[in-house]
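Some notes on the structure that comes next.
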Amino acid sequence: MPVTATMGPTASFRLMTDALPERDRVEVMREVYGRTVLKVDLDPLGPTHVDMQVRALPGLGIATGTCSEFRVHHSTSLIDSDDLVLLVALDGASVMKHRGREEPVGNGQALMMSGEEVGLNVIQPGGLRFVNMSFSLKALSPLIGDPAPALMQPLPTSGGAMRLLLDYVRSIQDAGDVLTPEAWHLATTHIFDLVALAMGATRDAAEIARGRGVRVARLRAIKAEITAHGGDLSAEDIARRHRLSARYIRKLFESEGTSLSDFMLCQRLLRAHRMLMLSNPRHAGRSITAIAFEAGFNDLSYFNRAFRRRYGATPSDVRAAALKG
């Protein structure tokens, strides 16, 4: 299907033009994504290609994906809200025209514009890999005051609150619809915290955001990195990668009632369990000692005890069950 949709605590759909007959692509883009979702007129400037995931949260819209070159016009007839719209160019380039100004948005840059005013976005040849978000002005303005100074001002994405925002948005997009309504509500709050800091939050809002949205986003990013490495990182490695102190990282985990060492142990055990379950055929002939060592355990007795506490079975039991299956 060219458009796949899910409904739950949030509404989401994926739009893929490659699944459409070529003759229908422009019309679907104009009507489904352009006029219905973005409230803009879309005119292709070359062969049409779009693959994006769109999610609607209370007061917040998120679209992530790739597209070919387009002329995107937000005209007077399509204005129906005062949302603030953030475009982040992860790869590729675009030129934004808004409020009498013209600004390029290239690799690793972001730009904010007002949804209650006319604007033009010209996606350049080669297309764009992007994150596009819309924020309710009513919900965001108490955190930032007057948004005007932040409009049409290039925002770097290589660090700070904007980097945390993008990493956090990517992680909740990846989570899909498995999150509970309460988790989505919290995620929306955290995203508003982070975008407010990126734009220039008020002093009170910044203090709250640093103890709420920033803390959660950092912890989520750290967990994702530990998981990606199968728990095979030290506290010092993580601290260096995230430019934080090891003490601060440990406190982030303690705020959730756990510890960094416990989380890393769980990831190492999970890695070993997957190898024992023969999820990859190359592990079939490997000894349990070799698997334990690869998962980051130097003490086989400790590995066996920790594994049994975690899974209620020995590594040998799990291997035997996998071979029978």
Side-chain angles (χ1 to χ4, degrees), residues 29-30 33-45 50 52 54-57 59-124 127-158 160-163 165-166 169 188 191-202 205:
M29 278 303 302
R30 282 177 173 159
Y33 187 63
R35 289 179 170 267
T36 303
V37 179
L38 276 187
K39 308 297 182 183
V40 295
D41 284 315
L42 292 173
D43 295 310
L45 301 176
V50 175
M52 67 176 68
V54 181
R55 186 173 301 278
L57 295 152
L60 172 67
I62 303 171
T64 54
T66 60
C67 69
S68 52
E69 52 190 300
F70 277 93
R71 182 181 183 273
V72 185
H73 184 213
H74 189 50
S75 60
T76 303
S77 63
L78 292 172
I79 293 174
D80 69 349
S81 77
D82 59 358
D83 289 356
L84 297 181
V85 180
L86 177 69
L87 173 66
V88 183
L90 301 176
D91 288 306
S94 181
V95 176
M96 303 281 281
K97 298 179 181 181
H98 182 58
R99 292 194 154 204
R101 295 183 57 182
E102 180 176 311
E103 287 286 344
V105 188
N107 297 342
Q109 285 186 314
L111 205 67
M112 182 79 74
M113 62 186 293
S114 170
E116 66 175 347
E117 300 175 27
V118 171
L120 181 67
N121 175 18
V122 182
I123 298 170
Q124 302 298 291
L128 197 64
R129 184 168 68 91
F130 64 89
V131 174
N132 199 182
M133 288 181 274
S134 62
F135 301 89
S136 162
L137 181 60
K138 182 179 180 181
L140 189 57
S141 57
L143 306 178
I144 61 173
D146 181 10
L151 300 181
M152 294 299 289
Q153 297 295 326
L155 300 169
T157 62
S158 58
M162 186 62 75
R163 181 72 266 158
L165 171 65
L166 295 177
V169 166
T188 302
I191 288 172
F192 271 87
D193 283 342
L194 293 168
V195 76
L197 284 174
M199 292 177 66
T202 64

Hey, can you pull the donor-acceptor pairs under 3.5 Å for the side chains in residues 75-89, sequence neighbours left out?
unit_1: S75; atom_1: OG; unit_2: S77; atom_2: OG; d: 3.3
unit_1: S81; atom_1: OG; unit_2: D83; atom_2: N; d: 3.4

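- Considering every non-hydrogen atom in both P154 and M152, the closest pair reads CD-O, 3.8 Å.
- Screening T66, T64, D91 for a side-chain hydrogen bond (donor to acceptor under 3.5 Å, both in side chains) with R129, the sole residue that qualifies is D91.
- Residue S158 holds its OG atom at 10.0 Å from CD of Q109, rounded to the nearest 0.5 Å.
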Legend entry - L166/L90 under side-chain contact (heavy atoms from CB on, under 4.5 Å): CA gap, chis, key distance, verdict: CA-CA 10 Å; L166 295 177; L90 301 176; 4.3 Å; yes
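- Listed for the R30 side chain is a donor-acceptor partner under 3.5 Å among the backbone atoms of L42.
- The CG atom of D41 sits 8.5 Å away from the CZ atom of R71 when rounded to the nearest 0.5 Å.
- A distance of 9.0 Å separates CG in N121 from CG in L111, rounded to the nearest 0.5 Å.
- The heavy-atom pair separating R163 from T157 by the smallest distance is NH1-O, 3.2 Å.
- Heavy-atom minimum distance, H73 versus G119: CD2-O, 3.4 Å.
- Taken from CD in E117 to NE2 in H74, the straight-line distance is 9.0 Å, to the nearest 0.5 Å.
- The side-chain heavy atoms of L128 and F70, taken from C-beta on, include no pair separated by under 4.5 Å.
- Taking CD1 of I62 as the start and CD1 of I191 as the end, the distance is 4.0 Å to the nearest 0.5 Å.
- Remark: L194 CG to L143 CG distance equals 11.0 Å, nearest 0.5 Å.
- Counting only residues at least two apart or in different chains, side-chain hydrogen bond (donor to acceptor under 3.5 Å, both in side chains) contacts with residues 132-150 are absent.
- Looking at heavy atoms from C-beta onward, P147 lies out of side-chain contact with L140 at the 4.5 angstrom threshold.
- At most 12 non-hydrogen atoms from other residues, nucleotides or ligands lie less than 6.0 angstrom from NZ of K97.
- Annotation: side chain of M112 is not in contact with side chain of H98 (no heavy-atom distance under 4.5 Å).
- Looking at E102, its side chain never comes within 3.5 Å of a backbone N or O of G100 through a donor-acceptor pair.
- In plain terms, the two heavy atoms of G92 and N107 that are nearest each other are N-OD1, 2.6 Å.
- Closest of all the heavy-atom pairs between A161 and L197 is CB-CB, 3.6 Å.
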Inset, instruction - Decide yes or no on side-chain contact (heavy atoms from CB on, under 4.5 Å) for M133 and V195, but give the supporting numbers first. - result: CA-CA 10 Å; M133 288 181 274; V195 76; over 6 Å; no
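- Closest approach of F192 and A139 over heavy atoms only: CE2-CB, 3.8 Å.
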